[in-house]
Amino acid sequence: MLRMEHPGLVVRQKSPLNLECQFAALSDWLTPTDQFFVRSHFPSPELDAAEWKLRVGGMVRTPLQLDLAELEDMPRTTLAAVMECAGNGRVFYVPAKEGLQWQTGAVGNASWTGVLLRDVLARAGVKRGAVEVLLVGADKGMVDGGKKTASPGPIAFARSLPLDKALSDSVLLAYAMNGDVLTAEHGHPLRAVVGGWFGMAWVKWITDIHLLPRPFLGYWQARDYFRWDRGSGEPSLVPLSTMEVKAQIARPVSGATVRVGQSCRIFGAAWSGEAAIEAVDVRVRGGAPWQQATLLPPLEPYAWRFWEYHWTPTHPGRHALSCRARDAAGNVQPEAQRADCESYVANWIVPVDIKAVDRQETQAEEFVI
Ligand SMILES: Nc1nc2c(c(=O)[nH]1)N[C@H]1C(S)=C(S)[C@@H](COP(=O)(O)O)O[C@H]1N2
Ligand SMILES: [Mo]
């Protein structure tokens, strides 16, 4: 019997497994786990939760080894948080950029349960002079060392957080997602949840935490997942960190037909980095005025925000629907493609092309919404 292994998800790569959700099907504010995108650089390590240990070392007073039961006995926190892969929307780069051609589905919003990283660090005791917390995953493999250096050999997926973020209320070591034990693909038995940050910071399958005296320059920080910062004169490399303000239209989908004179609901989600979404605007064709959409509940600091706008097309023809989010820190989505983010951070405005038709031209089967 034919069995679909990942119903409702688009397979971007089979091994390592990379799955994209269908953003057009957006309905639940908490993305069901079986509809949540998967982004993995290496095959999933097979970890036996009974054998697994979390080691905490480096610049700490007392190096620790904790098993899952010990972590589960610590005070638990649940945080609803959106995670967007920094490569989400890469397909919109012109000309095309190398890498998985994510459309709009490398993003999801889930409820994560675990311990605050801060509580684990407090148990170990952080020494003065520590500036970053390195999180190391159990998955390993070969990477491209670049043109000018030899390959570093097999390396693990590892990313660091600055100490102030690591000690904040928005960073968890999570063992549960949407109320169930983490699945293998999403990082069982333990993953990082880094509210407001792009997905690469949310290290899965964590085995080691190291307190570091200087910023980490590992592969996933300095060779990948970085941007050029021009703020200080000469361009310098800065590891990607917080998500950038963004709204996406889920429906109507590109290519849809809507009816003149009939209300059409434009619906989507918006999110940003550390700042809350303040407004989402909608424009029904280039040059038309921006109109404010309605932000919908629930409102949670690190989660995405659903929004809608009811629009009644007044004339037939093609329409390019755009949305634009603004956050409480004053960030607004740009109109133009980014130049300094390699193949990442695709948050510029990308219109959705649809067609409005007069009632008499319309055939029932043409309705998509
Ligand atoms: N150990 C490990 N952690 C990882 C990755 C990985 O390849 N290995 N991928 C990162 C990236 S780039 C993203 S976008 C998120 C995806 O998390 P998900 O697969 O649970 O959606 O995990 C991050 N954590
Ligand atoms: Mo990612």
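Keep in mind that this is a model prediction, so the values were computed, not measured. As the structure lists them, so they are numbered: ligands from 1, and atoms in each ligand from 1.
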Would you say [X] touches ligand 1, if touching means a heavy atom closer than 4.0 Å?
X	answer
Y225	yes
R191	yes
E84	no
S40	yes

Under a 4.0 angstrom heavy-atom cut-off, which atoms of ligand 1 come close to [X]?
X	value
V38	19 (O), 21 (O)
H186	18 (P), 19 (O), 20 (O), 21 (O)
W205	1 (N), 2 (C), 8 (N)
H41	6 (C), 7 (O), 9 (N), 12 (S)
F36	21 (O)

With a 3.5 Å distance limit and no angle check, can you tell me whether [X] reaches the backbone of [Y] through a side-chain donor-acceptor pair?
X	Y	value
Q291	D281	no
K140	F157	no
W112	A81	yes
W348	E335	no

Report the nearest protein non-hydrogen atom to [atom]: residue, atom name, distance rounded to 0.1 Å.
atom	answer
atom 14 (S) of ligand 1	C85 CB, 3.5 Å
atom 1 (N) of ligand 1	D139 OD1, 2.7 Å
atom 19 (O) of ligand 1	K204 NZ, 2.5 Å

Expected list for residues 15-26: side-chain donor-acceptor pairs under 3.5 angstrom, two or more places apart:
| residue | atom | partner | partner atom | Å |
| --- | --- | --- | --- | --- |
| N18 | OD1 | R39 | NH1 | 3.1 |
| N18 | OD1 | S40 | N | 2.9 |
| N18 | ND2 | Q13 | OE1 | 3.2 |
| N18 | ND2 | P16 | O | 3.2 |
| N18 | ND2 | S40 | O | 3.1 |
| E20 | OE1 | R12 | NE | 2.6 |
| E20 | OE1 | R12 | NH2 | 3.1 |
| E20 | OE1 | Q103 | N | 3.2 |
| E20 | OE2 | Q103 | N | 2.9 |
| E20 | OE2 | T104 | N | 3.2 |
| E20 | OE2 | G105 | N | 2.7 |

**Message:** Tell me if the CD atom of E46 is crowded by more than 12 foreign heavy atoms within 6.0 Å.
**Reply:** no
**Prompt:** Which option out of C21, G199, A106 puts a heavy atom nearest to atom 23 (C) of ligand 1?
**Reply:** G199
**Item:** Selection residues 292-307 - residue pairs positive for side chain to side chain donor-acceptor pair (under 3.5 Å), sequence neighbours left out
**Value:** E274-Y302
**Asked** Polar-atom distance check: R39 versus ligand 1, any N or O pair below 3.5 Å?
**Response**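 In this structure, R39 places an N or O atom under 3.5 Å from an N or O of ligand 1.
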**Item:** ligand 1 contact on F37 by region, counting heavy-atom pairs under 4.0 Å
**Value:** both
**Prompt:** Under 4.0 Å from ligand 1, counting heavy atoms only, is it the side chain of W202, its backbone, both or neither?
**Reply:**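 Answer for W202: backbone.
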**Test of ring centre spacing under 6.0 Å for Y225 and H41** = yes
**Request:** Establish, yes or no, whether a centroid distance under 6.0 Å links the rings of W202 and H186.
**Result:**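 Distance test on ring centres: not under 6.0 Å, no.
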**Message:** In the structure I gave you, are the side-chain heavy atoms of T62 and V56 within less than 4.5 Å of one another anywhere?
**Reply:**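 Not touching, per the 4.5 Å side-chain cut-off.
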